[in-house]
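Some notes on the structure that comes next.
Throughout, a chain's letter reflects where its sequence line sits, starting with A, and its residues are numbered from 1. Note that the structure is predicted; figures quoted are calculated from it, not measured.
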Amino acid sequence: MDKAKEWTVRNLEAIDVHRLISLIVPHDSPLSAQMHKLIFDLINLSPNYLMTTLNYSKATISTKLTNEECDTIIRAVKSHKKSDIWSVSYMLAEFTEYYRQSPSTDKSWVFIGKYLQLILLIVERDDKHINKINNLGVRIRMALRTNSSQTEIIDELIKIHTLSGNIYENFADIESYEQGMRHREQTGLVKNINLAKKVGEIRLAYEVVLENKVYIERRFRGKGQSVFINKTRNEQALPFTNEITRRIRFPKLSSDNNVAKPEDLADDNPLALLDNKYNPSKKTAKSSQLQQYQVKTSYLHNKRNQFMFPSNTRLLTVSDYQSVFVKLWSIVSDEEQRVRRVAAILLLSMITGRSIQNVIKEAATNKSQRKFLVEEDNGVIVIRNTINVTVNQRDQIKPITKSHSNNFSLPLPLPLSVILAYKFEVEPTEITQLLKTLRESLSLPLLSNQHIESALAFIITHRISEPLHLDIITGVEVEHSSPLYYTSIKTSSLFDIYQAAIKILSNRCFESLNSTNFYRIDKAQKVLESLNPKNYKLWQAHRYPYFVDMPIVASNINKIYIGSEMALNDQVCSNFFALLADHVHADKRLLSHGTNANEDEYIKQFNAYGLWLWHVIQIQTAIRPVNDAPGFLNQFNFSHDMYWVSDTSIRQGKDHGRLIPMNNFLKTALKNYINYIKHFASVHNPLYPDHRLNINKILQSEEPFLQIFSLNPKKFMPITPKRIRNTVGKALPHQDNWLRHQLRSMLTNEVDEVYVCALLGHEYADQEIFHPMSSLSINQYRTELLPPLDRVAQKLDLQQVEIKRHG
Amino acid sequence: MPKQQSARLHSFTPSHTTLTIHPKASLAYKTWLKYRPKTSPIHLTGLDKYHRPLTRIIYHDKNHYFYFNNFERMSNVFQYEINISQPFVIVIGNDQQINKMAWAEVLRLCFYQNVDHTSLWNHLQEHCAQTTLKELMGCDSLFKEDYCNFAGISIDQYSYAQKLSNKEKVEFSVPQNTDWKNG
């Protein structure tokens, strides 16, 4: 170790010292004369430390401050609020108070003398470092507080200064103390109370004196003006639109909620993919469809493909698709293997709706590892479509759910399954080559792989109009199509739709005549004659059987419904409603009020009625089971049979939400209930003045409509899913929103998907029924939905509950 | 004090006046509420205030009066005739008298059909002073025979009802099992 550096002691004339002291102890400060003298004495306690007063050698403190003097100083500083300007006086007053008992030659007094020398040298610099003096004072003062966590600082400082008389060594000690403290704080060895930072302030002051540091001013932005504003900008600033775009507030996930998280989120919050490259011209941006800037790439494609504009180059006509299909089919049937495999890839993409990339990957993997072109137990290769639904792990529910599986299989035509029997790899260039051939031979200059991929989607959307079936058949991920979470659907309906789509796609395909008919020349002529397109029957007869009547897939046989595992059998659901209705005991003439609220049967009846009605509202409106659902009374409009609800935590507010038509059953149930609670309140409130039902507030829509009487605390509370769950308990341990699944499943295939999605709030952005640009009338929405909702009530055999005033 | 000043006729609309049950009568009123018969209201809205039944009330403070009997009538008033002027007799109250009057109202319930006699009688014995009860019923003892005699039911009827009420508990909460699945 090298020898410690020697500090060249500053030699100052006494008059200079006095001048400096008067800078830190201004004349208007309290007891400035005494203080001045004290400081002068203190700094001379240890000459040759930092500075020496020339021709002065008296190294004792002549007069310490008395108790009263200290008090006076402290009170004056506090009352004048000048702890910053008079900080040295303040510090010394506190210090004297604390160390009064120790003799003036004690290490503590020596230390404070050295400390004051340091302060004076900072003052002598006459620059902005003078601000540090206040900090130095504060550090000592704080450390002197009783019970302060900073006491350790002054103890350490005194120790350091006793150990060595060399300023450099002291500085090194302080620095290592600071670093050690910082390390301990950061590693969690001690509780982090920012001691290191405070020691750092003192260390910095030493550093300033020792290394003669220049004050570096921190530059603040005055009046919000950036310091960078003077820079010339190279890039041009485009005026950003101030149109309001969609605001998405993420919900606070409540722990009360037992609905599966992805279901809750994806339900309403599709992944936002910013299409940054997309920059519409001003005119386009102002047009109706593209007003919003936050567009999502994948959905944009989706959206554009859903419109049948004649200019839409993303779509071919049906006949074009058909001719592509025929061409590919003939290649697959006749050509040599290499070409056949490439064509098979395109053909598979067409009939599965998967992307070509996916199909290539799938064909290149082992049969056992394939995802959607799988081999069944009996060796038949099928298209397997899996819906990624929320798993239901409640053992009691499992046997009574509608669907017992989340996948189903579609048959593959034989030539394709033969090709798929072995894995093979296809180069993308081969695909491009084949597409080029197709473009030329069919004179479809625009044909691209995108057209191939969207063929099935196009036919099911535009020819058959079944978007839900489309999503299931083409294996859309559930994250991109929230209805899939909720749907349990008849497998046969999917099958029918697929059959119909394939029929359309293969309309120009018929069995190769080469192999069947041309070997007898006499017949061939006849056949050719009858192959006139007008002879439809014969055309049909010669179509490949797969396209006309698909074979039954073994694994589908026991799957009547597939999809959501939450919806129950209609019969079981009906029984559940009967159970709830039964326990209201509406027919009982006389109940007992019991001796207190816990035994009051009228209150129990009130709760049972509320429970039943909550379930009825759920099954008839499919609202989400959020807290306080179904909201306030004024959300129900009985003259227009409409119910307004905003049931997501994401888009809350008055301008959001959706309208739900109210059918007769629901309306009657609500009206009965309103009459009932009026009467209930008239009986209940005088009896229990401490816990009243605020009937007026309910009727004035100031409190949620559906309430439940809770016994702990005793009062009426808005109904919550948690309460419902606890009340129903083991009778039906189920996910809170199971009735939403139930209704979704019961409406599927009963009414146009558009309306079902609108009812459940599952519409794609900007395609909402009540979108400002939508031309659909509310009345049509209502008339389309009311009959199926009525049918649901009938199917479940819902019975009204009505409590008569008297028997 | 002359009698004319202790009672005077007055009519006002209940919606503009605070009318509450007299504190001395509140226990009886609660009992009455619990055992009140479910009856259809007789609508008297068509009658004028000179013909509607009188109710006695007691002045409490500014625009605040107490009533202590005629519970059935008052409840109808509050429900259906709240905005119609009602005739009242304002009397100077006597706590004991009020208490008796209120319990008399409760005691009258035993003449209604479908009243839960056993529990009403238990309730009366528990909450009403014995002397009051004896005086109102006009008997010297308070056995259930006395009650049956007073209410005009046979002792068999009474014990039958007693057994019935012990056995039959209406269950409002859903049973905690899945037996309901099959209907």
Side-chain angles (χ1 to χ4, degrees), chain A residues 394-397 399-400 568-569 571-580 582-585 588-596 599-609 611-612 678-679 681-689 726-734 797 803-807, chain B residues 15 19-21 23 25-41 67 71-72 74-80 82 109 112-120 122-123 125-127 161-162 164-183:
Chain A
R394 300 164 180 88
D395 286 339
Q396 278 164 304
I397 305 297
I400 51 172
L568 304 183
N569 276 334
Q571 187 54 49
V572 173
C573 184
S574 165
N575 289 344
F576 182 68
F577 273 95
L579 176 87
L580 290 179
D582 202 35
H583 278 81
V584 183
H585 293 290
K588 282 280 182 311
R589 298 184 60 192
L590 258 184
L591 298 170
S592 148
H593 278 289
T595 49
N596 56 25
E599 292 173 15
D600 195 327
E601 291 181 337
Y602 286 96
I603 294 179
K604 289 180 184 168
Q605 187 177 46
F606 175 87
N607 284 350
Y609 198 169
L611 186 72
W612 174 82
K678 278 184 197 163
H679 179 70
S682 77
V683 177
H684 175 93
N685 289 351
L687 251 180
Y688 302 96
N726 290 343
T727 322
V728 173
K730 286 180 186 144
L732 187 67
H734 209 338
D797 197 23
I803 292 170
K804 291 267 194 309
R805 297 263 176 103
H806 50 91
Chain B
S15 57
L19 268 173
T20 51
I21 190 74
S26 69
L27 192 57
Y29 179 59
K30 274 195 177 168
T31 317
W32 181 85
L33 280 173
K34 279 188 184 175
Y35 297 98
R36 68 185 295 188
K38 284 184 168 185
T39 51
S40 307
Y67 65 98
F71 300 143
E72 180 76 43
M74 286 310 289
S75 118
N76 280 346
V77 165
F78 288 137
Q79 258 188 295
Y80 306 102
I82 191 85
L109 288 175
Y112 282 97
Q113 280 183 318
N114 296 325
V115 161
D116 186 354
H117 287 289
T118 49
S119 113
L120 173 62
N122 286 341
H123 215 282
Q125 277 179 311
E126 195 179 325
H127 295 289
Q162 202 166 17
L164 212 65
S165 66
N166 284 344
K167 202 166 60 184
E168 196 189 353
K169 273 272 169 274
V170 191
E171 193 48 61
F172 287 96
S173 48
V174 184
Q176 296 295 297
N177 56 54
T178 39
D179 297 346
W180 52 268
K181 273 188 291 188
N182 302 316

Legend entry - Gap between atom NZ of B:Lys181 and atom CG of A:Asn569 - 0.5 Å precision: 10.5 Å

Legend entry - Approximate separation, where rounding is to 0.5 Å, of B:Phe172 CZ and A:Thr727 OG1: 14.5 Å

Inset, instruction - Let me know if A:Val572 has heavy atoms under 4.5 Å from chain B in its side chain, its backbone, both or neither. - result: both

Legend entry - Heavy-atom contact with chain B under 4.5 Å, split by part of A:Leu687: both

Inset, instruction - Check whether B:Ser173 gets within reach of chain A through its side chain, its backbone, both or neither, counting any heavy atom under 4.5 Å. - result: backbone

Legend entry - chain A contact via B:Phe78 - side chain, backbone, both or neither, heavy atoms under 4.5 Å: neither

Legend entry - Side-chain donor/acceptor of A:His585 to backbone N/O of B:Glu171, under 3.5 Å: yes

Legend entry - Donor-acceptor pair, side chain of B:Trp180 and main chain of A:Asn575, under 3.5 angstrom: no

Does any non-hydrogen side-chain atom of [Y] lie less than 4.5 Å from one of [X]?
| X | Y | result |
| --- | --- | --- |
| B:Gln79 | A:Ser682 | yes |
| B:Gln176 | A:Pro733 | no |
| B:Val174 | A:Leu579 | yes |
| B:Pro175 | A:His583 | yes |
| A:Val683 | B:Arg36 | yes |

Legend entry - Contact summary for B:Lys30 and A:Pro686, nearest pair of heavy atoms: CE-O, 4.3 Å

Legend entry - Minimum heavy-atom distance A:Gln396-B:Thr178, with the two atoms named: NE2-OG1, 3.8 Å

